[in-house]
Number of protein chains: 2
Amino acid sequence: MSLIDRIKMLDEGVVGVRKLVPSVPTGVEMCRMLVLISESLQAELEHKLRPHKLNDSEFRTLITLFSRPDGTSTPGEVCLFTSLGTTNMTRIANALVKRGLITRGPSAEDRRRVVMQITPAGKRFVQKMLPTMFPRLKCIFEGFSKADRSSLNRLLRKLAHNLSQLEHTAGEPP
Amino acid sequence: MSLIDRIKMLDEGVVGVRKLVPSVPTGVEMCRMLVLISESLQAELEHKLRPHKLNDSEFRTLITLFSRPDGTSTPGEVCLFTSLGTTNMTRIANALVKRGLITRGPSAEDRRRVVMQITPAGKRFVQKMLPTMFPRLKCIFEGFSKADRSSLNRLLRKLAHNLSQLEHTAGEPP
DNA sequence: AATGCATATTTCACTGGTGAAATAAAATGA
DNA sequence: TCATTTTATTTCACCAGTGAAATATGCATT
């Protein structure tokens with residue numbers, strides 16, 4: 001079942017709900033659609049990663065280290081960049097160490113910390129892996145004009161801004 | 001850490017990667033941003049649901065039954081509407097039955113099937129629960145003009161369309 | 001009616017994410 | 001300096017999703 005089919009089912013469902021609760025705001029469809037698109041994007045990425053026996057979390061972690069000038073970071077910092085929980089990072093780092101893509105050791109300056117570093121093998125892996133994803137990524141935005149892209153970018157950031165305001169607001173607005 | 005902060009970190013990370021792999025297409029940021037927004041939306045929903053001891057999957061299931069004229073469906077059909085796996089549906093239905101929000105029994109026509117039906121208590125729950133979500137939903141689209149909404153809607157559906165084309169394409173395009 | 005294929009649901013083993021608590025080291029400050 | 005608090009990571013117990021296989025029924029063809 002494809003993404004557009006799932007979206008169609010979603011739209012149908014909302015129609016059914018509106019019959020009983022007409023005050024359902026427009027916007028629910030878009031919210032749910034965003035979630036479905038995100039799931040599809042994730043699935044797409046995992047699909048590309050699977051043959052290499054990496055999952056999304058591990059890849060995000062690896063590429064975060066890759067992105068740093070010195071190739072090093074700490075679990076806590078990587079979590080900031082990847083939006084992963086520190087709890088997971090232990091397991092993820094274990095897996096990447098076992099694969100020989102990163103190393104992990106105690107920090108010299110602050111002995112509470114752990115230093116993670118991407119290995120040459122890890123760098124090579126990212127350098128080789130990344131470009132294979134680009135063609136599909138371009139397909140995703142096939143038919144998007146410059147204006148379309150910049151609209152989408154603007155609107156998503158606006159949405160994100162609103163969501164940030166809302167986050168962890170204990171009481172809901174009246 | 002708020003969503004916009006997480007997006008900022010993401011943007012920084014991509015900048016770092018581009019220094020080493022300049023051919024990274026524009027669009028990665030938007031894809032990752034979509035995923036982050038989706039996670040935030042999900043978290044927001046789960047947050048509203050938690051006090052009622054329901055999770056998103058259970059709520060989706062319940063509301064799908066709610067949306068049907070006769071309040072009934074089968075596990076397989078509910079999975080089509082909710083994008084949940086049939087495997088999960090067993091556990092989810094168990095939970096909802098235990099809560100008294102749905103009933104479950106064998107189908108008369110086709111004895112392979114199981115019929116799930118929302119109970120009056122389940123209907124009351126949805127009727128009471130749904131409207132409490134509307135104010136926050138409206139906040140999410142605060143400051144969006146009519147044109148903004150329709151642009152976003154159009155662009156998301158276009159994106160979904162492209163993603164559908166891509167889905168399960170064994171080989172990547174050259 | 002008997003065989004084989006298709007459909008619907010469930011079970012099971014495994015993977016991945018999460019909050020609370022444990023551990024350990026640094027920072028603060030009376 | 002010694003007690004307290006804060007920061008960083010890990011461990012643990014639990015919850016949720018998944019693919020493969022099991023189970024059971026229906027359907028079709030001979």
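Below, chain A is the first sequence line, B the second, and so on; all start at residue 1.
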Give the rounded distance in Å between these two atoms: CZ of R113(A) and P of dA27(C). 9 Å
OP1 or OP2 of dT15(C) under 4.0 Å from side-chain N/O of N55(A): no
Short side-chain N/O contact to dT9(D) OP1/OP2 from T74(A), under 4.0 Å: yes
For dG17(D), does OP1 or OP2 lie under 4.0 Å from any side-chain N or O of S57(B)? yes
Pairwise 5' ranking along DNA chain C for S83(A) and V114(B), keeping only the more 5' one: V114(B)
Rounded to whole Å, the CG-P distance (L84(B) to dG17(D)) equals 7 Å
Side chains of S150(A) and N153(A): is there a donor and an acceptor less than 3.5 Å apart? no
State whether D11(B) and R32(B) are salt-bridged, where the test is any N-O pair (Lys NZ or Arg NE/NH1/NH2 against Asp/Glu carboxylate O) under 4.0 Å. no
Between atom CD in E77(A) and atom C1' in dT7(D), what is the gap in whole Å? 14 Å
Interatomic distance, I92(A) CD1 vs dT9(D) P [rounded to whole Å]: 14 Å
Looking at dT25(D), dT11(C), dT9(D), which one has an atom nearest to any side-chain atom of T86(A)? dT9(D)
Hey, is E77(B) close enough to R68(B) for a salt bridge, meaning N to O under 4.0 Å? yes
Could you state the CD-P distance from E109(B) to dC27(D), rounded to the nearest angstrom? 11 Å
Selected nucleotide, minimal atom distance to R112(B) side chain, candidates dA25(C), dA20(C), dG26(D): dG26(D)
Looking at R91(A) and dG17(C), is any side-chain donor or acceptor paired with a base atom of the opposite kind under 3.5 Å? yes
Distance check, rounded to the nearest 0.5 Å: L152(B) atom CG versus R157(B) atom CZ? 10.5 Å
Rounded to the nearest angstrom, tell me the gap between atom CE in M89(A) and atom C1' in dT7(D). 17 Å
Would you indicate what S107(B) reaches in the nucleic acid, counting non-hydrogen atoms under 4.0 angstrom: base, sugar-phosphate, or nothing? nothing
Strictly by modelled atom types, are R104(B) and N94(B) linked by a side-chain donor-acceptor pair under 3.5 Å? yes
Phosphate oxygens OP1/OP2 of dT10(D): is one of them under 4.0 Å from a side-chain N or O of R104(A)? yes
E46(A) atom CD is separated from dT15(C) atom C1', nearest whole Å, by 11 Å
Quick check: on DNA chain C, is the nucleotide nearest G85(A) upstream (toward 5') of the one nearest A108(A), or the reverse? Name the residue that is more 5'. G85(A)
Rounded distance in Å - CG (L54(A)) to P (dG16(C)): 11 Å
Base, sugar-phosphate, or nothing for N88(B), non-hydrogen atoms under 4.0 angstrom? base
